[in-house]
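To start, the structure itself, in structure tokens.
Numbered from 1 within each chain, the chains take letters A, B, ... in sequence-line order.
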Protein chains: 2
Amino acid sequence: MTQPGPARRSRANTDSRPASRIEQMCIERGLKMTGQRRIIARVLSESEDHPDVEELYRRAVALDADVSIATVYRTVRLLEEKGIVARRDFGEGRSRYDPTDRGQHHHLIDVDTGKVIEFEDEAHDALARDIAAKLGFELVDVRLQLFARRPEQKKPK
Amino acid sequence: MTQPGPARRSRANTDSRPASRIEQMCIERGLKMTGQRRIIARVLSESEDHPDVEELYRRAVALDADVSIATVYRTVRLLEEKGIVARRDFGEGRSRYDPTDRGQHHHLIDVDTGKVIEFEDEAHDALARDIAAKLGFELVDVRLQLFARRPEQKKPK
DNA sequence: GTAGGTGCAAATTGTTTGCACCAGG
DNA sequence: CCTGGTGCAAACAATTTGCACCTAC
């Protein structure tokens, strides 16, 4: 199964591909860009969901075998500290991550399937701003999670 | 240090104290009320914060040594399933709990001081229900966290 | 060349569970 | 009684970390 792919073991900047969105942000913040970080940055740049570390690791390995899960853990932690990715906690006992440059969005978690749906809602954002103001604060960020289930129509068990 | 208190090892319903708020709810739902559950129910009834399991265990032991941490875990899980307590996740790697009958409340976190302010907002809850419905779901629980700061009146930095 | 990054495996931490025993209804 | 609850310790799962080696800058 070891496909004789040419792009394996991408040796850092020897790699010709252009910097990914996240890699660019890393560079701007002066982070040392190793091959592994470049791969993880690419995976994050290309993901449109909320992968957990295990999943990021899987995707990273698919691009380049030279990544260990420990490094994925270390990297997402670093990126979170730098404000490049956001850590999400959907109460599953592990964290999920997504790039912060994807914009403000909220989540609806299907409590039965664990599926996560992203959504935006201006009315809600306005209300949130309102509530903060009422408490004497200026809103910086909102984290909203709706835990819900599909109405039981014909599947009680 | 073993205070010769008289109320230790409260033997189940031999205990004369009236049922706590949470205990009452347990009884209503037909849960078998053991001495341990009674203690944990009391601890939860008396708490006004968001204790984690470790903290609940500490408080429970302070009231009655006959509680193990495993039982605290099993009990909060049971109470959560019964809708008696809510599990909170502040992204610290552990869960915190609080009685649901305290009303649906949310949190505003002061990003400068880290202080957490609790608040309720019916309009918000209604809107949340609305949003879920619009997405085809039935709301089970809402988690709202507002990250905010006091308006800069005297130099942010 | 050197500070810092990485892999591996062991260590931590939060939580669950198997099993023998005990208690509530 | 008999089902279900409990304590203990071992099992688990997610995440962190010590250490020797390696690499970006």
Report the nucleotide, chosen from dT6(D), dG24(C), dT16(D), that has the shortest atom-to-atom distance to any side-chain atom of Lys32(B). dG24(C)
Rounding to a whole Å, what distance do you find between Ile69(A):CD1 and dT15(D):C1'? 9 Å
With His107(B) as partner, the option from Gln145(B), Arg88(B), Arg143(B), His50(B) fulfilling side-chain hydrogen bond (donor to acceptor under 3.5 Å, both in side chains) is His50(B)
Where the side chain of Ser68(A) is concerned, which of dT15(C), dT15(D), dC8(C) is the nearest nucleotide? dC8(C)
Considering only dG7(D), dT17(C), dT6(C), which nucleotide approaches the side chain of Arg77(B) most closely? dT17(C)
Whole-Å distance separating the OH atom of Tyr57(B) from the C1' atom of dT13(C): 16 Å
If the test is side-chain contact (heavy atoms from CB on, under 4.5 Å), which one of Val53(A), Asp52(A), Thr75(A) qualifies with Tyr97(A)? Val53(A)
N-O pairing of Arg59(A) and Glu55(A) below 4.0 Å: yes
If I take atom CE in residue Met33(A) and atom P in nucleotide dC25(D), what distance separates them, rounded to the nearest angstrom? 8 Å
With a 4.5 Å heavy-atom cut-off, do Leu144(A) and His124(B) have their side chains touching? yes
Which listed nucleotide (dT16(D), dG14(C), dA14(D)) is nearest to the side chain of Arg94(A)? dA14(D)
It should be established whether Thr34(A) places a side-chain nitrogen or oxygen under 4.0 Å from OP1 or OP2 of nucleotide dT6(C). yes
Counting just side-chain N and O atoms, does Gln36(B) come under 4.0 Å of either OP1 or OP2 of dG7(D)? yes
Counting just side-chain N and O atoms, does Ser95(B) come under 4.0 Å of either OP1 or OP2 of dG14(C)? no
Short side-chain N/O contact from Tyr73(A) to OP1 or OP2 of dT15(D), under 4.0 Å: yes
Assuming nearest nucleotide by heavy-atom distance, tell me which of Arg74(A) and Asp52(A) is located more 5' along DNA chain D. Asp52(A)
